[in-house]
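Following: one structure in structure tokens, then a few remarks.
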Protein chains: 2
Amino acid sequence: MIPRTAGAFPVTVDVVALTVRDGALHVLLVERLLDPFRGARALPGGFVLPGESLEQAATRELAEETGVTAPASAATGEATRSGRATAVGQPEWHLEQLRTYGPQDRDPRGPVLSVAYLLLAPAFGLPEAGGDAAAAGWFPVPARDLAFDHDRILADGVERARAKLEYSPLATAFCHEEFTVAELRHVYEAVWGTHLDARNFHRKATGTPGFLEPTGHVTTDGPGRPAELYRLVPGVSPTAAVLHPPILRPAERSA
Amino acid sequence: MIPRTAGAFPVTVDVVALTVRDGALHVLLVERLLDPFRGARALPGGFVLPGESLEQAATRELAEETGVTAPASAATGEATRSGRATAVGQPEWHLEQLRTYGPQDRDPRGPVLSVAYLLLAPAFGLPEAGGDAAAAGWFPVPARDLAFDHDRILADGVERARAKLEYSPLATAFCHEEFTVAELRHVYEAVWGTHLDARNFHRKATGTPGFLEPTGHVTTDGPGRPAELYRLVPGVSPTAAVLHPPILRPAERSA
DNA sequence: CCAAAAGTGTTCGACTTACACCCATGG
DNA sequence: CCATGGGTGTAAGTCGAACACTTTTGG
């Protein structure tokens, strides 16, 4: 039924896993144990196996290479799968398709198609490396000299994350379930690399409908007045929902 | 070198080709001559051949099934290929990757990966059908009961186009090289399905930096004062550039 | 009491909107 | 001259930026 002239291509998934640590954006990278690019750093990823969906392949490769796993019981949206990592910090995930690269001129072994995914998570520890990779770790963005065309894929993933912070509740994907407005603001500042006015941000974030819901709890960390804790309004998808009005980055409005 | 457990997947490209005709958004559809879904309407597309890039496959399938061709001499951006159709109206094209679907549960013949592309062009006539398709034609959006998962792909493409009109010069891709402000406004109105105030739109469009450049020419079509002709500022990519401030659709600002 | 962080009120300027008004052409 | 569409001026409302100010904790 499928024409004989049609090519069949090996397909890989590569995951741009981003988090905010120490006030800066970090990406999850592995060191390659096998050729090609042995010893180089790369995005976690690998070949899609027969019978798998792309998202299944992405979560499987992430588990094999970095030890981060998500149970199959996770709630799943249209283009988004959310899970809870059973590894260390038990953070929630948000996985979103980025774009597809190839198949020509990106792998020395021959034509390979790669479907890139963007994963956003709060900071958590890395349990172990495994599979075809060693020394999984968080590296500050931008990272350089990655294997294959991963420099470009990383740049595309970071740009997507930056853009989506503006008009979606995506920033909450970098926070734990309950968070303060200041923690949320630190996410915006880290991803955009800008400084935001704490007062105006507080009013804007709490005033945007469909975004933040107070939990009634407070934190008393460090000096200063205790902050109220918020969560994303239940039922709202951090990757699919749209904020009105948007949270614009300062440079945006230089007309 | 590539592990034997890795699957190899047939890969197709499907093109969501949009244009504005008679004040409404239309999509280019073909009638399938072969099973599966023989006789059903579908997006133009087909299998990627060995040695091809995804964009090459997209333009080849478009040419085979609809007769619309673009020369290889076209200027090419990062994720965007622009061409000039040699068919009838000689319009410029803008091709942009949409997203990837599959490989499971979308083709009765088995797992098939499909990379969807979004093509935007000014209205032009369709020369002929060919290849595995007949009766290529423009159909009003939304279209229903398309083959495979093409209903969803079309919906994703239309939503992408609607969103990108706001913050990119994408609307100019639906116009010929020189166009009036009213023609540009009709594009926004057709894609969004809204009415815009002609006076305010004129000021906004001509006042946004990096968007419109007067050519010095005028049109004298029909009654009324002749309109000045504009073009997109040279060197600006309709798909990649960002407008500041954006052209927001009216419903957007209901806070 | 003081430092520090959370949260509120207020002012100013930029932008959106609605619409009055003028301009230039065909019939 | 008048209908039609192109283009500009202007005033009211809305929103974000900047920042003074109050609140609530720890030392």
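Naming convention: chains lettered A, B, ... in sequence-line order (proteins, then strands); numbering from 1 in each chain.
- As rounded to whole Å, 16 Å separates atom C1' of dC19(C) from atom CG of Leu196(B).
- For dA6(C), the OP1/OP2 oxygens have no side-chain nitrogen or oxygen of His202(A) closer than 4.0 Å.
- Under 4.0 Å is where a charged nitrogen must lie from a carboxylate oxygen, and between Arg231(A) and Glu213(A) at least one such pair does.
- For the pair Ile247(B) CD1 and dC15(C) P, the interatomic distance rounds to 13 Å; values are reported in whole Å.
- Distances were taken from every side-chain heavy atom of Arg203(B) (C-beta onward) to each of dA24(C), dA6(C), dC19(C); the shortest belongs to dC19(C).
- For Arg41(A), there are no salt bridge (Lys or Arg N to Asp or Glu O under 4.0 Å) partners two or more places apart in sequence or in a different chain.
- In this structure, Leu184(B) atom CG and dG7(D) atom P are separated by 12 Å, rounded to whole Å.
- At a threshold of 4.0 angstrom between heavy atoms, the contacts of Ala182(A) are confined to the sugar-phosphate backbone, with no base atom among them.
- Rounding to whole angstrom units, CD of residue Glu166(B) and P of dT16(C) are separated by 12 Å.
- Each of Gly224(A) and Arg199(A) lies near DNA chain D, and the nucleotide nearest Arg199(A) is the one positioned closer to the 5' end.
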Listing, residues 16-23 of chain B side-chain donor-acceptor contacts under 3.5 Å, not counting sequence neighbours, or none:
| unit_1 | atom_1 | unit_2 | atom_2 | d |
| --- | --- | --- | --- | --- |
| Thr19(B) | OG1 | Ala121(B) | O | 2.7 |
| Thr19(B) | OG1 | Pro122(B) | O | 3.4 |
| Thr19(B) | OG1 | Ala123(B) | N | 3.0 |

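- Taking atom CZ of Arg185(B) as the reference point, atom P of dG6(D) lies 7 Å away to the nearest angstrom.
- Comparing Pro223(A) and Thr220(B) by the nucleotide of DNA chain C whose heavy atom lies nearest to each, the residue mapping closer to the 5' end is Pro223(A).
- Here dT17(C) presents its P atom at 14 Å from CZ of Arg249(B), a figure rounded to the nearest Å.
- For Leu243(B) and dT16(C), the CG to P distance is 12 Å, given to the nearest whole Å.
- Using a 4.0 Å cut-off between charged side-chain N and carboxylate O, Asp156(B) and Arg152(B) make a salt bridge.
- Rounded to whole angstrom, the span from the CG atom of Asp197(B) across to the P atom of dG6(D) amounts to 12 Å.
- In this structure, Phe201(B) has its ring center under 6.0 Å from that of Tyr188(B).
- The residue among Asn200(B) and Thr180(B) whose nearest nucleotide of DNA chain D lies closer to the 5′ end is Thr180(B).
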